[in-house]
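Accompanying notes for the structure given below.
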Amino acid sequence: MRQTYLDTPIEFLKGVGPQRADLLKNELGVFTFADLLHFYPFRYIDRSKFYTISEINPDLPYVQIRGYISDIQLHGQKRTTRMTASLKDETGTLELIWFRGFKWLKNQFKPGVEYIVFGKPLLYGKKFNVAHPEIEPVTPGAISQSSSMQPVYNSTEKLKSKGLDSKGIGKLLKTLLPLVADHIPETLPKNLLDQVKLMPGREALYHVHFPATSIDLKKSIARLKFEELFYIQLNLLRNKLMRNEKVKGHVFPSIGTYFNDFFHDQLAFELTAAQKRVLKEIRVDTLSGRQMNRLLQGDVGSGKTIVALMSMLMALDNGYQACLMAPTEILAFQHFESVSAMLKDMGIRIELLTGSTKSAHRKPILKGLIEGDVNILIGTHALIEDQVQFKSLGMVVIDEQHRFGVAQRARLWSKSEVPPHVLVMTATPIPRTLAMTLYGDLDVSVIDELPPGRKPIKTIHQYERNRLKVFGFIREEINKQRQVYVVYPLIQESEKLDLKDLTDGYESIVREFPAPRYGVSIVHGKMKPADKDYEMQRFVKGQTQIMVATTVIEVGIDVPNASVMVIESAERFGLSQLHQLRGRVGRGADQSYCILMSKDELSNDARKRLGVMVATNDGFRIAETDLQLRGPGDIQGTQQSGLPDLKIADLAKDEAILKFARQIARDLLEGDPHLAQPANIMVKKQLKALYHDRLFWSRIS
Ligand code: ADP
Ligand code: MG
């Protein structure tokens, strides 16, 4: 890439130097002038608002007051000294307080002069005080300066120790902006700026750091958010367009014996309207001559597996192989069992390949794959290893896709010259804004309907102090021949402790539900796969009534007889994860229950979150709430899945801008798919600058 003035290393900015430059790089990722320019304030303090002293309340983070200063006094001795003064306006008196700088302060304030005082009010006893306030006399200049929004930058302890607190960073920007002003290129086409009425880029960058008025600030933020989201969407949509143009897909002209026999003879129930609709969408894709890249979203229990299975049969009917990839061994095994059962006596060879497949068994599978005798391969990550080669892979289904990183999907994709069709399934409903950002280049199908006859799961929040009651309830359910899950959180940082919680819990449950009357299984990630399997199987076969587990059971496991899901320390889980766990029950005809156990003392936030779980079974609503409460980084299904690092836009708040930006990007590509028109050359250039390294990212899923 061509170097520009904006690429100047940050140490060359006046006031930075090598030491501060290192800190800026390490702490904030600011390497160049451009990086600093795009290091936006994370909030603003409204200096245009003046409060009276009587208006001060504990909820105000900052106050700005006009008043007179008197009563300057020094208190205490040596180490404990402090200086106080009284600030008076017509409504009352406020104490100002300092712990250092007395000498200089003592003669600063003149009686009869009105000052502007700015700071954080703290309640001390029944009175407010402000420590180390900013003070300046009222002059026409001061008023106009303080009538602007004051930016607040994120900083760190290390930066602060070198004078780079929010103010210090602000100073650097004051130095930087005039230097670079003439070098800031416009990154959106003129006609777009006019059409959408956006602030030009240079102005926006100025006002985001030094807003003259709150209106300027609003406009600059809107412009920068739009730009950020616009380029993400443009990139996604353009990749999709290019893929459709360049990449061929297998054509499945016929619906044949496999599909029809299954549909007419094997399928034990009527497909839901949503399942039929999705199958039609897949059918259309596989006829189009383009590679299908489809995301299938459907709540737990909505019946995605049948759709996957029937899509694979479409491939088989046309002489292709298919594979189904699951995130865990347990899940792969369960898919293998259920798919084998559903397709039995149809002359289809189905094999299971996981990390623990012995090499004696592995060899014939690999041979069968390359020779085309294996029709369907089910497995885990093992499927993407290099030695796994297919004769003609036509359809790939990826279950619970968020467990797979982008790179892993890429390897699967590269297994054949004409890429297989890809159906990515997720049971984690993803909020619209995240879906548009993560999967904006995929087609999306939604199963928004549960099979008929399901009773909605009853969810109850119980406090630790009511544990005996919960045990009593579990006993009643087991007496009705039902089975029960008890799930413990397992969070990486405190793995040891969590594991102890789990084993303690297991022991107390075994005490409460002793053998031989009761059987208790235990499964966690630290167990050997064989042991895990053994314990799982005992529960699946009904030999044990209680399954104590970590979240390894979160995805996919299907035991229709299980009717109670107890989630321990539920306050520690994300909502989407709770929802996912809850989906493990309610699969049979019986009334099912989810009991969210929490400690007795909960924060407001935690109580609210558990309340949402109790209030609704709608996975999409839950995902939206999770996004609002926890922010995009914590949403399950988005970790390690390549959510872009947004500098200013917020996927929890900017849905409207996002949709709009996507629409504009779509319109632009419709008129000029190759961004070849003179007006769009700069767009193409910017796109390249932003996504140079990862232009082909999305080809892979
Ligand atoms: P998920 O979407 O969570 O993967 P599954 O595909 O495992 O859901 O389906 C959940 C259960 O519902 C399975 O036992 C499956 O056999 C059953 N099922 C799927 N579709 C239907 C349907 N149309 N009518 C009745 N039961 C169905
Ligand atoms: Mg499933």
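Remember, it's 1-based here, ligands and their atoms both numbered in the order they're listed.
- Panel note: side chain N318, backbone S254; a donor-acceptor pair is recorded below 3.5 Å.
- Near T272, with a cut-off below 4.0 Å to any heavy atom, the atoms of ligand 1 are 23 (N).
- Remark: among candidates T305, V307, I306, the nearest residue to atom 5 (P) of ligand 1 is T305, based on non-hydrogen atoms.
- Atom CD1 of I522 is separated from atom CD1 of I546 by 12.0 Å, given to the nearest 0.5 angstrom.
- In summary, the atoms of ligand 1 found under 4.0 Å from a heavy atom of E270, numbered by their order in the structure, are 22 (C), 23 (N), 24 (N).
- Contacts classified as ring pair (Phe, Tyr, Trp, His ring centres under 6.0 Å) and involving residues 253-302 (residues at least two apart or in different chains) are not found.
- Residue contacts with ligand 1 include G301, since one or more of its heavy atoms lies under 4.0 Å from the ligand.
- Listed by number with element, the atoms of ligand 1 under 4.0 Å from a non-hydrogen atom of S302 are 2 (O), 8 (O).
- Taking the six-membered ring for Trp and the full ring otherwise, Y506 and Y488 have centroids separated by 6.0 Å or more.
- Looking at P560, P452, G303, it is G303 that brings a heavy atom closest to atom 8 (O) of ligand 1.
- To the nearest 0.5 Å, atoms NZ (K532) and OG1 (T328) are separated by 7.5 Å.
- When only interatomic distances are considered, the shortest N/O to N/O separation between F269 and ligand 1 does not fall below 3.5 Å.
- When heavy-atom distances to ligand 1 are checked against a 4.0 Å cut-off, L271 comes that close only through its backbone atoms N, CA, C and O.
- The aromatic ring centres of Y485 and F539 sit less than 6.0 Å apart.
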